[in-house]
Structures are given as structure tokens and as C-alpha cells.
Amino acid sequence: MADAPSGSSAPSAPSDFIRRIIADDLRTGKHDHILTRFPPEPNGYLHIGHAKSICLNFGSSLEVGGVCNLRFDDTNPEKEEQEYIDSITRDVRWLGFDWADRLFFASDYFEKVYECAEELIRKGLAYVDSLSAEEMREYRGTLTQPGRESPDRHRPVEENLRLFREMRAGVHPEGKYVLRAKIDMAAPNINLRDPVLYRVKFATHHHVGDAWCLYPMYDFTHPISDALEGITHSVCTLEFEDHRPLYDWVVDHLDLGCKPRQIEFSRLSLEYTVMSKRKLNLLVKEGLVSGWDDPRLPTLAGMRRRGYPPEAIREFCARIGVSKADNRVEVGQLESCVREALDASSPRAMAVLRPLKVVIETLPEGHLDRLTLGNHPKRPELGQRSVPLTRDLFIEADDFAEISPKGFKRLVPDGEVRLRGGYVIRCREVVKNEAGEVVELRCTHDPATLGADPVGRKVRGVIHWVSADRSLPASIRLYDRLFLRPDPEEEGQDFLTMLNPASLETVTGRVEPSLADAPPEARFQFERVGYFCVDQDSRPGALVFNRTVTLRDSWAGGN
RNA sequence: UGGGCCGUCGCCAAGCGGUAAGGCACUGGACUUUGACUCCAGCACUCCCAGGUUCGAAUCCUGGCGGCCCAGCCA
């Protein structure tokens with residue numbers, strides 16, 4: 001893809017049971033081309049689970065020379081909005097996929113779907129039912145008991161047709177009638193117990209306006225839409241497995257000239273987050289997060305704002321694979337992909353999250369070294385930048401310890417450490433306030449160590465720093481997991497009670513001056529700290545960075 | 001307890017009767033002016049359990065156990 005960094009490794013080549021089915025269908029001649037589709041309902045923002053589906057649907061087809069349609073499954077006007085259509089198209093494109101001119105709406109097929117319904121009625125395979133919703137539930141039976149037939153089940157075809165047309169014409173109120181398929185009220189699969197095909201809704205549809213007051217159900221619309229588009233493989237998640245007999249029933253009893261095959265895979269679960277649009281919607285509506293693009297959310301908009309590169313998400317989807325097994329993927333799996341992509345592509349910079357003043361007494365007042373540092377340790381083509389080194393500096397508070405923990409390689413009283421890209425300094429004096437807190441370090445520097453190793457001794461530690469007066473203040477948002485538990489709903493918990501109160505910490509740090517004009521979404525590695533991106537709220541003079549992910553830290557475990 | 005599906009390393013996941021891939025994580029070690037990156041090494045005598053078939057079983061059969069999904073005029 002266009003923004004794949006040259007330094008990144010080749011993406012994993014996916015292979016799974018669905019791709020195998022596709023390969024077999026091509027090999028045996030069942031199909032001579034492949035056409036898949038990604039069919040989101042525009043009732044929320046896309047999340048990483050959708051990314052798995054997008055990568056699968058687009059990927060499996062593209063890899064064998066096929067294409068993939070983008071189709072909005074917009075059969076329920078009460079839950080759908082144009083805002084979601086806009087966000088979805090943006091997110092799919094951002095992820096790196098292109099549907100060319102194949103953008104479709106199930107609602108554009110409503111006339112054809114309606115004709116299919118009349119066809120079923122004429123064939124005696126569908127009927128208008130006047131059972132109320134509650135009655136229908138009673139008649140449906142239970143998981144262990146068969147249902148009973150509605151008294152309307154044997155309504156004459158002509159009457160069904162008349163009533164159905166009246167439903168379309170708007171003469172009947174919502175809830176009075178529905179159109180049902182006539183299948184088998186005793187079927188062990190509840191989806192086959194005369195499922196509802198159409199219901200009346202006097203709602204304005206976001207895409208077709210007031211053209212209809214009669215809306216088809218997913219189970220009826222989806223197979224017809226697939227067949228109309230000539231979809232060869234209709235890939236969806238496991239909860240639709242029980243619907244496949246109904247999917248096949250619809251296609252088999254209609255003359256659509258095409259029979260797509262539905263194949264199901266298990267949806268993605270990620271640790272410490274929730275993945276359903278209903279729950280995400282709740283978090284957004286309740287104001288528990290800042291919006292659909294809150295960087296703590298698993299939404300693609302949130303991940304984009306967090307600084308996750310699209311190629312990292314694609315790689316993640318390739319690595320986790322596709323199967324039918326229940327799963328809950330570790331966050332580290334995703335973070336590994338993010339770090340891999342960002343290590344290769346991100347320019348380095350220095351920033352201090354929790355500043356501790358350092359004065360280099362051996363440098364004169366007003367001293368200024370304009371150091372030229374490489375933007376990337378392995379990619380000189382990413383250029384260089386100038387970093388000012390002055391007498392007064394800030395270092396990370398964590399990089400100094402009065403009492404050295406064992407194995408500590410940073411600054412301690414009377415100890416030496418290298419300033420990244422600068423001199424080796426020695427701590428001569430620790431200045432504290434009345435409360436006994438360390439507020440300043442008085443140090444000396446070894447002028448012979450700029451770009452050279454000190455003679456006669458080895459300095460193990462290297463720490464990052466910024467000039468005290470030539471650095472810029474920045475608001476830095478440190479994100480952590482949104483929930484306290486890997487499964488926020490474990491043991492029937494209300495997931496809202498499991499929110500992590502520390503999922504966002506904002507600190508005011510200092511960043512090197514080269515970052516002054518970095519535009520929103522620009523990504524950097526703050527050396528030794530992590531990967532950060534410029535937030536859309538950032539302005540010159542009021543910089544805002546989001547922590548995308550920390551650097552891997554093999555020291556953190558030791559203390 | 002009706003129906004459907006699933007159970008291979010801490011987490012994903014290959015495997016499809018011939019003697020357990022890979023990734024992430026983890027543990028060493030090398031390198032290092034990022035405790036990063038990179039590199040090298042280690043990491044399932046065993047595939048939910050129990051029987052059976054077979055020269056040979058994670059793969060086939062039988063019986064258990066465990067988990068997920070389904071009773072919207074949602075998708």
C-alpha cells in the first residue's frame with residue numbers, strides 16, 4: 001500500500017480455511033472469478049473487528065484477482081445515519097482498500113427485494129400475518145419446544161398479495177401486519193420457524209428518503225443483495241451460521257440466477273476492550289469517552305487518532321488469522337504490529353514527560369550547542385534535525401535515582417550518564433525542596449565526549465533530555481487500557497463498572513523545538529519513551545501529543 | 001436439557017492417517033550514544049478426556065467433558 005514504509009518487513013501471507021475454499025472453487029472450475037463484499041450496517045463506527053472482516057473480504061478476493069464490493073446493509077432506517085456512512089467509507093479507505101465504483105446500498109435493491117417477496121407470496125411461500133409481536137413470540141415456541149402455526153398461515157395468495165400491497169401503500173399502521181416466510185414452525189432451527197421478511201416502519205430512510213414505509217429484514221435482503229451483485233462467497237461471522245439454512249432457502253426459492261455461498265468465521269475479541277457497536281455506542285453516548293474517535297476505543301477512527309498506522313492493523317489481521325474458534329487476542333499482539341510499523345517509519349525526537357531540571361555548571365551561562373542528530377538510526381534518508389543543547393536542561397524524572405536500584409543504568413549521585421546525542425555528564429549535587437523532593441541536579445560535563453567515548457572508563461547509561469529554555473511545553477496524553485479486565489463482562493459483570501479510571505493521564509511535558517510545527521497525525525518516536533502522534537487538537541504554541549504505544553521495556557519488569 | 005458451532009504451548013494459529021509449522025509473549029546471550037531496533041539460542045514426547053480402529057491417530061470411530069451462538073417486527 002502507498003504508505004508502507006520501505007523499512008518494514010514483508011507482510012505475513014495469509015492462508016486460512018476460507019481462502020482454501022476459494023482456491024478450491026477456482027481450481028475445480030466452480031467459479032472463474034471471485035467477488036466478495038463487505039456489508040456494514042451504517043449504525044456505528046467501524047472497529048478492529050470490522051478490520052478483520054475487511055481484510056478478509058478484500059484480501060481473499062484481491063489475492064486471486066477478484067474484487068470486493070462495499071455494500072451498506074441499510075434495512076433498518078431507525079438505527080442508521082449518514083454520519084456512519086461517511087465514517088465507514090473514510091475508515092475503509094484509510095485502512096487501505098478501494099472499492100472503485102462498486103459502492104452499493106441494500107436500499108437501492110428495495111424494489112427488487114419487494115418483487116422477490118411477491119414472488120414468494122405467489123408461490124405460496126410467504127404470508128401476511130396479523131399476529132402481534134408478543135403473540136408471535138408465544139407461537140414461536142422455545143428452544144426445546146416446537147412452535148405453532150399462526151391462524152393466518154393459510155391465508156389465500158390473493159389476499160396476501162392485496163394486504164402486502166396495502167402494507168407498501170401505507171394503509172396499515174406499524175405492527176399490524178408483517179410478511180412471513182412459510183417454512184416450518186416445528187424446525188429445530190428457530191430461524192426457520194416462519195421468519196419475518198417485512199415489517200412496516202413509517203420512518204424516513206437516510207438513503208432512500210420516504211420512498212418506503214415497508215422495510216425488508218436482513219435475512220431476506222442479504223441473500224438477495226448478494227445474488228443480485230453476483231457475490232461468489234458471502235463471508236460473515238459465526239452468529240449467522242444458524243441463518244445459513246434461511247439464506248439458502250431464500251436463494252433457492254427465488255429465481256436470481258446466482259447462488260452465493262455463505263461462509264462463517266469467528267469474530268475478533270480483544271483483551272481489555274469491548275467490540276460491539278451497541279456497547280461502543282453506549283460509551284460514546286454516555287460521555288464515558290470523548291467520542292467515536294477516542295484513542296482508547298478499538299474503533300478505526302480511535303486507532304487512527306491514537307496513531308496506529310493502517311499497515312499495522314492490516315498486519316495484525318494477517319497475524320491473527322481466520323478460524324472458527326472462540327478467541328480473545330492479547331493486546332500485545334496488536335501493539336507488536338504497531339511498534340514494528342512505527343519503528344520503521346517514525347522519525348525520532350526527544351521529549352521529556354516528567355521534567356527534572358539539570359544544570360550543567362561547567363557550561364557558561366547562555367551556552368548553546370546546535371547538535372545535528374539523525375532522525376532515524378537506520379534510515380539516514382529520513383534526514384537530520386538540529387537540537388539545541390544549553391546549560392539548563394530537563395531530563396526524565398525517572399532517569400535519576402538517589403539510591404540506585406540494582407542494575408540501574410541511569411543517573412545517580414556522583415554517577416555518570418550520557419545525554420543522548422550530547423555529552424557525558426556527572427551528577428555533583430542533588431537539590432531538594434522543603435518537602436525533601438529532588439527539584440534540581442547540578443552536574444558537570446566532559447567536553448571530550450561529544451561524539452566520542454570517554455577515555456579510561458565506560459558509561460553504560462544514555463538518557464534523553466531537552467533544553468530548558470529552548471524546548472516547548474506540550475500536553476501529552478498517556479493512554480492505557482480502557483477496562484480493568486481482559487474480559488470486561490466476565491461473570492456477567494456490567495462492563496461499565498469495569499472501566500479503568502486511569503485509562504487517560506495527561507501530563508505537561510517538554511519537547512524539542514523541531515516539533516513546533518508538526519501537523520496533526522504526524523508520528524514520532526520519542527526516544528526511550530514510546531511512539532507519539534500529534535493530536536488534531538494540537539496548535540502551534542499549544543502542542544498536544546497522544547501516546548500511541550510505549551517502547552518495549554525490558555527494564556520495567558525488573559523494577 | 002432442541003439446533004448449530006468450537007476445543008492443538010500463556011495468547012493467536014498451521015496441521016486433513018506417517019510420527020506437532022509460524023507469530024506474539026516469555027527466558028537466556030550478542031550488539032547498542034534509544035534498557036529501543038536487530039541478531040542468536042531456548043520454549044507442546046504432546047494435541048479437552050476415555051475407549052476403539054490401524055504397522056502408525058492431533059487427524060478415523062464411539063462415548064464423555066468444557067465453551068460459544070440462537071426463542072428481535074436488530075444486523
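All chains are named by letter (A, B, ...) in the order of the sequence lines, taking the proteins before the strands, and each is independently numbered beginning at 1. These values consider heavy atoms only, across backbone and side chains, with no hydrogens, waters or symmetry-generated copies.
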Ion pair present between A:K324 and A:E241, side-chain N to carboxylate O less than 4.0 angstrom? yes
Pairing of A:D326 and A:R267 as salt bridge, 4.0 angstrom limit: no
What does [X] touch in the nucleic acid at a heavy-atom separation under 4.0 angstrom: a base, only the sugar-phosphate, or nothing?
X      : value
A:V322 : sugar-phosphate
A:P377 : base
A:K277 : nothing
A:L143 : base
A:V196 : sugar-phosphate

Report each atom pair, protein N/O against N/O of nucleotides 9-11 of chain B, whose distance is under 3.5 angstrom.
from: B:rG10; atom 1: N2; to: A:E330; atom 2: OE1; distance (Å): 2.8
from: B:rC11; atom 1: O4'; to: A:E330; atom 2: OE2; distance (Å): 2.9
from: B:rC11; atom 1: O3'; to: A:R328; atom 2: O; distance (Å): 3.3
from: B:rC11; atom 1: O2'; to: A:R328; atom 2: O; distance (Å): 3.3
from: B:rC11; atom 1: O2'; to: A:E330; atom 2: N; distance (Å): 3.3

Kindly point out which of B:rG2, B:rA36, B:rC5 is positioned nearest to the side chain of A:R348? B:rA36
By nearest atom, which of the nucleotides B:rA75, B:rA13, B:rU32 is closest to the A:R460 side chain? B:rU32
Pick the closest RNA chain B nucleotide for A:D73 and for A:L419 by heavy atoms, then say which residue is nearer the 5' end. A:L419
Closest nucleotide of RNA chain B for A:A452 versus for A:N189: which of these residues is on the 5' side? A:N189
Quick check on side-chain hydrogen bond (donor to acceptor under 3.5 Å, both in side chains): which of A:E527, A:E512, A:E396, A:R348 does A:H464 satisfy it with? A:E396
Re B:rC43: Watson-Crick or G-U wobble partner, both distances kept under 3.5 Å, found to be none
For B:rG35, does OP1 or OP2 lie under 4.0 Å from any side-chain N or O of A:R528? yes
